[in-house]
Amino acid sequence: MMTAAAVPMVDLKAQYDRIRGELGPALERVLASTQFIRGEDCARLEEEFAAYCGVAHACGVANGTDALVLALRAYGVGPGDEVVTVANTFIATGEAILLNGARPVFVDVDPGTYTMDARQLERAITPRTKVLLPVHLYGHPADMEAILGIGQRHGLPVLEDAAQAHGASIGGRRAGSLGHAACFSFYPGKNLGAYGDAGMVTSNDAAFIERVRRMANHGGGADKYDNVVLGTNSRLDTLQAAVLRVKLRHLDAWDAERRERVQAYDAALAEAAGVTTPRERAGTRSAWHLYTVRLERRDSVKAHLAAQGIATAVHYPRPIHLQPAMASAGGRPGDLPISERLSNEVLSLPLYPELPLPTVERIAREVRAAL
Ligand SMILES: Cc1ncc(COP(=O)(O)O)c(C=O)c1O
């Protein structure tokens, strides 16, 4: 019997095959320069990514988690402070707050977009609140207009966790330029992914980016051994910067290919009972990092797809306020009913620019069969 080919969640080899001709010379240039730390490609990537996002400044860092840790620290977040965020996210969002000695205050998400419910934000703000930290989950921007409005009323900066949202936009303005600052991850599987760990902080605030830059390089001033503030080593690697510069040129085309696959999924699943497909808010374009559906019988659909050789993933099986690592934040089951319900119902289907459209049809057919 012929079995259908296995389908992965992401296929980085297929992407590599498309760009290997461009990567070789870019990597060779770094190797020949021997500028492995803070090389020319780091500065160029910062300029190019800032321009891509539509902001004046960017600072490359070692990964997306450090981007969040350092950006919060650059806002002066520390012990006794609170940062309002969501629990329907990857653990790094919460870690960055706790690692600065501050307390994460979690609000629930909007059931339509799975991102921060701005209507709940106001109640969560206290005199200790220092920063608002919405997450553009699965590539879909949070309701920034409402969140920024609340931030403005309370004099609070809004930091975007844009780790999943390279190229997403609201009203034509890209993620990275929507709040006062933004944090990106270039983890390999992201829409813009390095060949290792890498991250970036973007902002129009030059002084803010300068604080991040200092802290990411041992608190240094002009001289290497002039360590003016307590910092760390969280520098962006030059080889990763060279890879990311090559890939940045393709990001818009890849995001468009993701969108095409999303439309194919939507069309194939529109009439199916028992599945809710993801939606974009009016005026908002998702970067479609993930195509995540809601299913009443999630685990049996997941098992059926696995038996057909189709990989899926759950983003995320436990909202982070219920993770043992976040226990000091005092989260309890029942605190965030929508986030908690989503964790039992969401399922991410394979999505990447090279995913063949007939394979999308096949996956959708198997989802319908499982239902
Ligand atoms: C929403 C979110 N925030 C933060 C991060 C942390 O990024 P990194 O893995 O590069 O540290 C990730 C990704 O992994 C993420 O998805």
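Order of appearance sets the numbers: ligands from 1, and atoms from 1 within every ligand.
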Pair Thr85-Thr93, side-chain donor/acceptor within less than 3.5 Å: no
Gln152, CD: over 12 other non-hydrogen atoms inside 6.0 angstrom: no
Salt bridge present between Arg285 and Asp255 (N-O < 4.0 angstrom): no
Residues Lys13 and Glu354 bridged, charged N to O under 4.0 Å: no
Anything under 3.5 Å between a donor and an acceptor, one on a side chain of residues 55-69, the other on a protein residue two or more places apart or in another chain? List them.
from, atom 1, to, atom 2, distance (Å)
Asn63, OD1, Thr65, N, 3.1
Asn63, OD1, Asp66, N, 2.7
Asp66, OD2, Ser234, OG, 2.6

Plane angle bin for Tyr291 and Trp288 - parallel if under 30°, tilted between 30 and 60°, otherwise perpendicular: tilted
Please tabulate protein-ligand N/O pairs under 3.5 Å for ligand 1, atom names and distances to 0.1 Å.
from, atom 1, to, atom 2, distance (Å)
ligand 1, 3 (N), Asp161, OD1, 3.2
ligand 1, 3 (N), Asp161, OD2, 2.8
ligand 1, 7 (O), Ser185, OG, 3.3
ligand 1, 10 (O), Gly64, N, 2.8
ligand 1, 10 (O), Ser185, OG, 2.6
ligand 1, 11 (O), Gly64, N, 3.3
ligand 1, 11 (O), Thr65, N, 2.8
ligand 1, 11 (O), Thr65, OG1, 2.5
ligand 1, 14 (O), Lys190, NZ, 3.0
ligand 1, 16 (O), Gln164, NE2, 2.8

